[in-house]
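Just so it is clear: chains get the letters A, B, ... in the order the sequence lines come, proteins before strands, and each one is counted from 1. These numbers come from the heavy atoms of this one structure, side chains and all, not from hydrogens, waters or symmetry mates.
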Protein chains: 2
Amino acid sequence: MVKYDDYIRDVQNFPSEGIIFKDITPLLNNYTARQQMLKDLLRLCADLKIDKVVGIESRGFFFGMDIANSLQVGFVPLRKPGKLPFTTISESYGLEYGKDVLEIHTDAIEKGDKVLIHDDVLATGGTAQAACKLVEKLGGEVVQLNFMMQLSFLKGIDKVGNYDVKAVINY
Amino acid sequence: MVKYDDYIRDVQNFPSEGIIFKDITPLLNNYTARQQMLKDLLRLCADLKIDKVVGIESRGFFFGMDIANSLQVGFVPLRKPGKLPFTTISESYGLEYGKDVLEIHTDAIEKGDKVLIHDDVLATGGTAQAACKLVEKLGGEVVQLNFMMQLSFLKGIDKVGNYDVKAVINY
């Protein structure tokens, strides 16, 4: 049984002073730990009907693809501005340390698609909320916000509490 | 049998005038096409002993993780500057449209590790060459440069021809 604390590393003052960053690269670098994380992420959404998995750039790509593979469904990357080459819509949002914009390809989601949104961390909820808006603008239904970790003290749930929010690890 | 041309889309003048961009998002969005790509990528490295898979930000993350899962080995992300929180080394390089820098965590590779480097596209070879240098600086051995696509007309092979370079699709 993997102890996640052995594979998720606290890095002080990253990306800016006063922030403690949860570094998942040791977990990515260990096959056994990765497999357990995937199993735990899948357990969170086991009873749901899901047509698409959306992963948020970039750390949401790792297990986003994994989940989509396990569920045998399409995978859709949400990306920073200027990265997606085809027709996009965008949504701006505030995050823990600054402002940012997310984009999605307009043909990525079909009307009525049941969508699981995955990211590594739920922090202040700004990114997750923007992701929900993008999926809904294209006619998709967000059936779960699925995270490796939730930093509860940042109260992200205040922004996305109307969704099914699940995380493997709660800090 | 999936025809890759149905799932990899040419986008004209992206990211800049005169460039034809190979958009893999339709392939990511189709489970069957994704599975065939994974199978074809694995076939390229079937006879190799591999300890780590390195994926290059961001599009190398998708199938990089997939390959690492199938081989049951560690996965290491190479990232743009300022994204990796722990101690890093970096390497700058010229690419098809501009200049850039790649970073790797210093604890990501152990001396003697046999490393497969994966990215979506081999273009001018600058990114791949920088990735090789980073792996080698940490004492790793690059056993394959593994790509979804090779744009042969950009002559990337001139920069990395001393490695085992393999691609599923050759344009």
Closest approach of [X] and [Y], non-hydrogen atoms and distance?
X        : Y         : result
Asn29(B) : Ala108(A) : ND2-O, 2.9 Å
Pro85(B) : Val11(A)  : O-CG1, 3.4 Å
Ser58(A) : Glu57(B)  : OG-OE2, 3.5 Å

Quiz item: Val73(B), Thr32(B), Asn69(B): which one forms the most heavy-atom pairs within less than 4.5 Å of chain A?
Solution: Asn69(B)

Quiz item: Among Lys83(B), Met65(B), Arg79(B), who wins on heavy-atom pairs under 4.5 Å with chain A?
Solution: Met65(B)

Using the rule that Ile, Leu, Val, Met, Phe, Trp and Tyr join whenever any side-chain heavy atoms are under 4.5 Å apart, tell me whether [X] and [Y] fall into a single cluster.
X         : Y         : value
Tyr31(B)  : Leu27(B)  : no
Tyr7(B)   : Tyr171(B) : yes
Ile117(A) : Val101(A) : no

Exercise. Measure from NZ or CZ of Arg9(A) to the centre of the six-membered ring of Phe86(B), then state whether that distance is under 6.0 Å and the direction lies within 45° of the axis.
Key: yes

Side-chain heavy atoms of [X] within contact of [Y], under 4.5 Å:
X         : Y        : result
His105(B) : Asp23(A) : yes
Thr25(A)  : Leu84(B) : yes
Gln35(B)  : Gln72(A) : no

Practice problem: Report, as yes or no, whether the 6.0 Å neighbourhood of atom NZ on Lys137(A) holds more than 12 heavy atoms from other residues, nucleotides or ligands. | Solution: yes

Self-check item: Proximal component of Lys22(B), with respect to chain A [non-hydrogen, under 4.5 Å]
Solution: neither

Practice problem: Quick one: pull up CZ in Phe62(A) and CG in Asp66(B) and give me the separation to the nearest 0.5 Å. | Solution: 12.5 Å

Exercise. Determine the option with the most heavy-atom pairs under 4.5 angstrom with chain B, choosing from Phe63(A), Phe75(A), Phe61(A).
Key: Phe75(A)

